[in-house]
Number of protein chains: 2
Amino acid sequence: MRADARDNRDRVLEAASDVFATEGANASLRLVAREADVGLATLLRHFPSRDALLEALLRTGFSRLAARGDELRVAQDPRAALLTWLRDFVECADTSRGVVAAMTAAIEDPQSALHAACVEMRTSGADLLVRAQEAGAVRRDLDGNDLFLLAGGIAWTYGQGRTTPQRAHLLDVQLEALLS
Amino acid sequence: MRADARDNRDRVLEAASDVFATEGANASLRLVAREADVGLATLLRHFPSRDALLEALLRTGFSRLAARGDELRVAQDPRAALLTWLRDFVECADTSRGVVAAMTAAIEDPQSALHAACVEMRTSGADLLVRAQEAGAVRRDLDGNDLFLLAGGIAWTYGQGRTTPQRAHLLDVQLEALLS
DNA sequence: ACCTGAACACCGTTCAAGT
DNA sequence: ACCTGAACACCGTTCAAGT
């Protein structure tokens with residue numbers, strides 16, 4: 001990639017990170033482009049869809065999450081491992097309002113640029129789920145698909161909390177409830 | 001209200017009910033107006049904001065829910081009463097995708113046309129919550145605010161399920177988890 | 001190779017003009 | 001009283017024209 005192109009790409013990502021964080025994941029792409037001092041068409045050449053932009057923003061967190069999943073599976077007891085994964089999931093999804101909805105939509109849509117990343121995420125969670133179920137820490141009538149949606153709902157509620165303590169409390173309550 | 005005005009109002013409500021159900025609560029108001037055979041400006045004269053339209057659509061379900069809450073409080077044991085209220089809440093919120101988010105936003109915004117209805121709803125749930133807590137059916141470190149958001153999250157996840165059985169299953173799991 | 005302005009079809013809001 | 005077309009400032013998509 002040419003140096004100026006790389007430069008533009010980086011500035012778009014930075015601007016998107018800021019704008020999505022404050023305005024939510026449905027913020028205007030025109031605003032992102034303005035903030036990055038780039039034409040809207042340039043933004044769309046680098047990231048042909050909103051999901052492509054989200055994917056680039058979430059990739060770091062996602063792959064860290066997948067790697068953590070592998071570590072957790074060998075290092076910790078199954079219940080604690082799943083719990084940690086869930087907390088990481090929520091943290092990932094908390095980067096911007098509305099990103100959870102984008103994820104649950106993307107996992108149903110193979111065309112989405114976010115699809116593969118979400119499927120990977122679901123798989124890494126499903127692995128930990130199975131082990132937790134074998135250890136008796138979670139009810140057995142859940143599969144990876146259910147876990148993905150339940151984790152999404154937990155993250156959604158977490159994101160709705162107004163104060164930091166309320167958010168933390170809501171998260172604790174939901175995690176304890178799920179991992180009864 | 002003049003007869004033709006009443007007529008237009010009714011057609012708008014019917015069209016909104018259809019469009020929101022299929023396209024979600026963020027669907028184009030222009031589309032709703034077209035479907036109702038009415039100018040967009042006419043729609044906005046009857047319902048000056050999207051929330052006003054949502055409020056009109058949800059009012060029936062909401063007041064039924066509040067009335068049910070009163071009945072439940074005297075008729076049933078506290079745990080079952082709260083459980084029934086939660087199921088009704090989810091059913092209300094299931095009228096269209098995205099309506100839960102509109103509700104949790106509206107309860108924070110006194111300007112919203114949906115605000116009062118959501119506050120009433122929270123109150124009716126909070127009453128049942130207190131009684132369930134006194135009966136030991138729910139943890140005591142939750143208030144009406146928490147319940148409103150938790151119920152919202154349950155409804156959100158419910159709405160994400162793809163098949164009817166999965167949706168029902170997700171709902172059962174979450175209700176059992178909350179009312180441990 | 002890469003960027004961009006402009007055209008396009010949409011959106012919600014507002015208001016002067018109609019009956 | 002009530003309705004509506006039109007103007008406005010926005011949106012995401014597309015593409016011919018520029019360097």
Side-chain angles (χ1 to χ4, degrees), chain A residues 1-57 96-99 101-102 105-106 109 111-114, chain B residues 1-57 96-99 101-102 105-106 109 111-114:
Chain A
M1 192 180 313
R2 238 165 55 180
D4 56 342
R6 158 71 54 191
D7 233 56
N8 281 335
R9 210 191 105 100
D10 290 348
R11 282 214 311 284
V12 166
L13 275 176
E14 197 174 350
S17 172
D18 286 358
V19 171
F20 286 175
T22 59
E23 309 270 325
N26 294 311
S28 155
L29 297 183
R30 257 192 168 86
L31 177 58
V32 173
R34 267 197 300 268
E35 213 73 17
D37 263 317
V38 155
L40 173 57
T42 302
L43 181 153
L44 289 164
R45 228 173 64 78
H46 284 289
F47 307 100
S49 66
R50 182 182 301 275
D51 277 4
L53 190 46
L54 284 176
E55 197 270 341
L57 283 174
S96 63
R97 267 175 305 120
V99 81
D109 174 19
Q111 304 300 323
S112 163
L114 249 180
Chain B
M1 191 180 318
R2 238 166 54 182
D4 56 342
R6 158 73 53 193
D7 234 55
N8 281 335
R9 210 191 105 99
D10 290 348
R11 281 214 313 285
V12 166
L13 275 176
E14 197 174 351
S17 171
D18 286 358
V19 171
F20 286 175
T22 59
E23 310 271 324
N26 293 311
S28 156
L29 297 183
R30 257 191 169 89
L31 177 58
V32 173
R34 267 197 300 267
E35 213 75 17
D37 263 316
V38 155
L40 172 57
T42 302
L43 180 152
L44 289 165
R45 229 174 63 78
H46 284 288
F47 306 100
S49 66
R50 183 183 300 275
D51 277 4
L53 189 47
L54 284 176
E55 197 270 341
L57 283 174
S96 62
R97 267 174 305 121
V99 80
D109 174 19
Q111 304 300 322
S112 163
L114 250 180

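Chain letters run A, B, ... following the sequence lines, proteins first, then strands; residues in each count from 1. Remember, predicted model here, so these are calculated numbers, not experimental data.
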### Query
Can you tell me how far P of D:dC3 sits from CG of B:L43, to the nearest Å?
11 Å
### Query
B:D4 has an atom CG; how far is it from atom P of D:dC3, in whole Å?
5 Å
#### Entry: Distance below 4.0 Å between A:H46 side-chain N/O and C:dC2 OP1 or OP2
no
Could you tell me which non-hydrogen atom of [X] sits nearest to which non-hydrogen atom of [Y], and how far apart they are?
X	Y	answer
B:L114	B:E55	CD2-CA, 3.9 Å
A:A102	A:L54	CB-CD1, 3.9 Å
A:H46	A:R9	ND1-CG, 3.5 Å
A:L43	A:L29	CD1-O, 3.7 Å
A:R50	A:A27	NH1-O, 2.7 Å

### Query
What is the per-nucleotide protein-contact pattern of nucleotides 4-19 of chain C, from the 5' end, where B denotes a base atom under 4.0 Å from a protein heavy atom, S denotes such proximity for sugar-phosphate atoms only, and - denotes neither?
BB-----BBBBB----
### Task
Could you go through the side chain to side chain contact (heavy atoms under 4.5 Å, CB included) check for B:R11 and B:V38 one step at a time?
CA-CA 8 Å; B:R11 281 214 313 285; B:V38 155; 3.7 Å; yes
### Query
Quick one: do the B:S112 and B:D51 side chains pair a donor with an acceptor below 3.5 Å?
yes
### Task
Please test B:L13 against B:L53 for side chain to side chain contact (heavy atoms under 4.5 Å, CB included), starting from the C-alpha separation and ending with a verdict.
CA-CA 8 Å; B:L13 275 176; B:L53 189 47; 4.0 Å; yes
#### Entry: Range-with-range stems for DNA chain C, at least three Watson-Crick or G-U pairs under 3.5 Å
C:4-8 with D:12-16, C:12-16 with D:4-8
